[in-house]
Peer 1: 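The structure that follows is given in the form of structure tokens.
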Amino acid sequence: MKCALASINAAHPRSVITDKVKIDDGLLEIDDISYYLDDYKNIYVTGGGNVAGHVAAELENLLGNKITEGVVVTDDIVETERINVVEGNYPLPGEKSMLGTQKVLNLANSVEEDDLVLGIISGGGSPLLTAPVPETTLADIQKITKELFTYGVSDRHVNVIRKHLSAIKGGQLARAVAPASLVTILFSDVISQRQTAVASGPTLPDNSTYSDAINILNRHEVEPPERIRNFLKRGQNGAHPETPTSDDEIFERVSCHTLATGRTALEGARKKAESLGYNTHIITSRLRGDAQEIAKAFVASGEDCYFSGVPIETPVVLLANGQTSTPSFGSEELGQNQTFALSAALEFHESLNQSAALASIGTDGIDGYSKYGGAIVDSQSVTNLHEAWKVVGTDKTSEFLAKNGDLLEGTTTGTNVNDIHVLVIDDN
């Protein structure tokens, strides 16, 4: 658990902003790029995501009264003085997100050419920044979101559809801000680490089209609400403008800085494990696939260390970051990390006996769409093999984990850079 907590702290805005954002003699330095604050009439802060409130608070600490005003939408409220931190809905879009997003757009549309806008964009921004196009409704957006994930549509393709059903995603916040200068401060929860994918890219170019969105729906045999289908078809026929592409002049004064990713969390966990005397090995920052099966492969890597010292000898901590999947989308009981943890515990029973423990946790404190945060298991977590095999990957997983005190309650952490998996194996 110490390594998991260290990973969350390493990617927290408090740590990241302190390390990568500086202000000195009128210069705002972000990730070694300088902005001359005296060049701008006003400085505004806006955006949204799970960590937006925490980033806003840190920017206030740095810039103080240089900030004219601001508004961000988040599910993790932080007290600020000059920036309005508005509560939105997460993990599914809702009415509060719509109201907060309208405030963001109102601010964006009010800025002028000689102003500077700091746009905070992070994981969770897709539901938190919700602005359905006028011909659709919030209920339509909620329905299509659930259907897309239920049908196993990839995040990348889900974002294509989201961008074409929103008045803020897919570069349209940048369109509202133009021609002011826009600096995006990005905290990424995307496995590919594509900047345009985080929160469906409200401040960055989008080269996808209405035709792409329709093709994705057809390919996965997803039947959207009639209003959505009609809107996309009209867009395909030229009745609505496409999202702005990379050659659009609105991006001439737009820059973007990715300040934290899953790799940031992994490095925090690695440093903690080494300080505790463990050898460490980062397997990947791009873990994905079926949670139950990927957990088996993860433990198999630990078995190699335990039995043959390859690729590294025990005692060892193996680390991975990413986002696996489970078929129970939207369940309040089951998230991918619970499935991952119980599947790993079953593998412990087969091979590692008393020597292993594993934490599988959402860095945002939420396991998928469940009300839990993940789980921590060890070699004693499975005493009834028949029951464990019966429930793993089902809504009964959380109940099984809770019996042994292995289930973690959901919370907010101020961080969101995907899921962290920590496998600890002691000496053979």
Side-chain angles (χ1 to χ4, degrees), residues 48-49 73 75 88-106 108-109 124-176 190 196-245 248 325-332 368-369:
V73 187
D75 62 325
N89 305 97
Y90 179 81
L92 290 174
E95 191 71 32
K96 289 188 291 186
S97 289
M98 283 184 58
L99 294 173
T101 303
Q102 189 56 56
K103 293 179 180 180
V104 169
L105 289 171
N106 290 344
N109 284 307
S126 288
L128 288 163
L129 292 174
T130 296
V133 289
E135 296 179 44
T136 66
T137 67
L138 175 60
D140 291 334
I141 300 302
Q142 292 171 331
K143 187 174 188 296
I144 190 63
T145 300
K146 291 181 179 179
E147 288 183 354
L148 289 168
F149 284 109
T150 299
Y151 278 81
V153 181
S154 69
D155 286 346
R156 178 184 177 186
H157 286 164
V158 169
N159 281 342
V160 170
I161 295 168
R162 280 171 165 166
K163 289 175 181 182
H164 289 86
L165 297 173
S166 172
I168 193 168
K169 297 176 174 65
Q172 294 181 91
L173 179 56
R175 179 181 277 164
V190 176
T196 56
V198 181
S200 304
T203 63
L204 297 172
D206 175 45
N207 292 321
S208 67
T209 65
Y210 286 104
S211 293
D212 293 331
I214 291 172
N215 289 337
I216 290 167
L217 291 172
N218 292 339
R219 187 182 317 154
H220 292 275
E221 299 182 345
V222 176
E223 185 56 44
E226 184 177 359
R227 281 183 292 261
I228 285 180
R229 172 70 74 177
N230 291 339
F231 179 84
L232 294 175
K233 284 184 176 179
R234 285 194 292 272
Q236 185 181 41
N237 293 330
H240 312 301
E242 293 281 2
T243 48
T245 57
D248 196 304
S325 58
T326 184
S328 297
F329 171 78
S331 169
E332 291 188 358
Y369 287 79

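Hydrogens, waters and symmetry mates play no part in the numbers below; they use all other heavy atoms, side chains included.
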Peer 1: Start with the C-alpha distance between Asp248 and Thr245, add both sets of side-chain angles, then the distance that settles side-chain hydrogen bond (donor to acceptor under 3.5 Å, both in side chains), and finish with yes or no.
Peer 2: CA-CA 6 Å; Asp248 196 304; Thr245 57; 5.6 Å; no
Peer 1: Are the side chain of Gln142 and the backbone N or O of Leu92 linked by a donor-acceptor pair below 3.5 Å?
Peer 2: no
Peer 1: Which residues satisfy the side-chain hydrogen bond (donor to acceptor under 3.5 Å, both in side chains) test with Thr203, sequence neighbours excluded?
Peer 2: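 For Thr203, the residues satisfying side-chain hydrogen bond (donor to acceptor under 3.5 Å, both in side chains) (neighbours in sequence not counted) are Thr184.
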Peer 1: I'd like to check the side-chain hydrogen bond (donor to acceptor under 3.5 Å, both in side chains) partners of Arg156; sequence neighbours left out, ordered by chain and number.
Peer 2: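 Listed in chain order: nothing, the list is empty.
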Peer 1: Please report the shortest heavy-atom distance between Leu129 and Pro202, naming the atom on each side.
Peer 2: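 Here Leu129 and Pro202 meet closest at CD1-CG, 4.2 Å.
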Peer 1: If you look only at pairs with a residue in residues 97-106, which of them pass as a salt bridge (Lys or Arg N to Asp or Glu O under 4.0 Å), with sequence neighbours excluded?
Peer 2: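 Salt bridge (Lys or Arg N to Asp or Glu O under 4.0 Å) check on residues 97-106 returns no pairs.
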Peer 1: Mind checking side chain to side chain contact (heavy atoms under 4.5 Å, CB included) for Asn230 and listing every partner two or more places apart, or none if nothing turns up?
Peer 2: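 Applying side chain to side chain contact (heavy atoms under 4.5 Å, CB included) to Asn230 gives Glu226, Arg234.
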Peer 1: Under 3.5 Å, side chain of Ser166 to main-chain N/O of Arg162, donor-acceptor pair present?
Peer 2: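 Not confirmed, Ser166 side chain does not pair with Arg162 backbone.
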Peer 1: Could you state the interatomic distance from CD1 (Ile161) to OG (Ser200), rounded to the nearest 0.5 Å?
Peer 2: 10.5 Å
Peer 1: If only atom types and distance count, is the side chain of Thr101 paired as donor or acceptor with the main-chain N or O of Ala131 below 3.5 Å?
Peer 2: no
Peer 1: Determine, stepwise, if the pair Val73 / Leu99 fulfils side chain to side chain contact (heavy atoms under 4.5 Å, CB included).
Peer 2: CA-CA 9 Å; Val73 187; Leu99 294 173; over 6 Å; no
Peer 1: Sequence neighbours excluded, which residues qualify as salt bridge (charged side-chain N to carboxylate O under 4.0 Å, His left out) partners of Asp206?
Peer 2: Lys163
Peer 1: Go through the structure and list residues passing side chain to side chain contact (heavy atoms under 4.5 Å, CB included) with Ser325, not counting sequence neighbours.
Peer 2: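 Here no residue qualifies.
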Peer 1: Do Met98 and Pro93 make a side-chain contact, defined as non-hydrogen atoms from C-beta onward lying under 4.5 Å apart?
Peer 2: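 The answer is no, as the side chains (C-beta and beyond) never meet within the 4.5 Å cut-off.
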Peer 1: For Gln102, check side-chain hydrogen bond (donor to acceptor under 3.5 Å, both in side chains) against everything at least two apart and list the hits.
Peer 2: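 Once residues adjacent in sequence are excluded, the partners of Gln102 under the side-chain hydrogen bond (donor to acceptor under 3.5 Å, both in side chains) criterion are Asn106.
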Peer 1: To the closest 0.5 Å, what do you measure between CG (Asn89) and CG (Leu138)?
Peer 2: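 If I round to the nearest 0.5 Å, the distance is 8.0 Å.
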Peer 1: Give me the atom names and distance for the closest heavy-atom approach of Ala199 to Gly125.
Peer 2: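 Result for this residue pair: CB-CA, 3.5 Å.
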Peer 1: Name all residues meeting the side-chain hydrogen bond (donor to acceptor under 3.5 Å, both in side chains) criterion together with Tyr90; count only those two or more places apart in sequence or in a different chain, and write none if there are none.
Peer 2: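 Tyr90 satisfies side-chain hydrogen bond (donor to acceptor under 3.5 Å, both in side chains) with Asp364 only.
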Peer 1: What distance separates Ile168 CD1 from Thr130 OG1, expressed to the nearest 0.5 Å?
Peer 2: 9.0 Å
Peer 1: Rounded to the nearest 0.5 Å, how far apart are CG of Leu148 and CG of Asp155?
Peer 2: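 Between Leu148 CG and Asp155 CG, I get 10.5 Å after rounding to 0.5 Å.
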Peer 1: Ala197: which residues meet the side chain to side chain contact (heavy atoms under 4.5 Å, CB included) condition with it, sequence neighbours left out?
Peer 2: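 Applying side chain to side chain contact (heavy atoms under 4.5 Å, CB included) to Ala197 gives Asn159, Val190, Arg194.
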Peer 1: Could you measure the distance from the CZ atom of Arg175 to the CG atom of Asn109? Nearest 0.5 Å is fine.
Peer 2: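 Separation between the atoms: 11.5 Å.
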Peer 1: In terms of ring plane angle, is the pair His240 and Phe231 parallel, tilted or perpendicular, where the classes change at 30° and 60°?
Peer 2: parallel
Peer 1: Shortest non-hydrogen contact from Pro241 to Tyr210?
Peer 2: O-OH, 3.2 Å
Peer 1: Check whether any side-chain heavy atom of His164 lies under 4.5 Å from a side-chain heavy atom of Lys169, and answer yes or no.
Peer 2: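 They are not in contact (no side-chain heavy atoms under 4.5 Å apart), so the answer is no.
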Peer 1: Anything under 3.5 Å between a donor and an acceptor, one on a side chain of residues 213-222, the other on a protein residue two or more places apart or in another chain? List them.
Peer 2:
residue : atom : partner : partner atom : Å
Asn215  : ND2  : Ser211  : O            : 3.2
Asn218  : OD1  : Arg229  : NH1          : 3.4
Asn218  : ND2  : Ile214  : O            : 3.4

Peer 1: Rounded to the nearest 0.5 Å, how far apart are OG1 of Thr136 and CD1 of Ile141?
Peer 2: 4.5 Å
Peer 1: List the residues meeting side chain to side chain contact (heavy atoms under 4.5 Å, CB included) with Pro225, not counting sequence neighbours, and say none if there are none.
Peer 2: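 By the side chain to side chain contact (heavy atoms under 4.5 Å, CB included) rule, Pro225 matches Asp140, Lys143, Ile144, Ile228.
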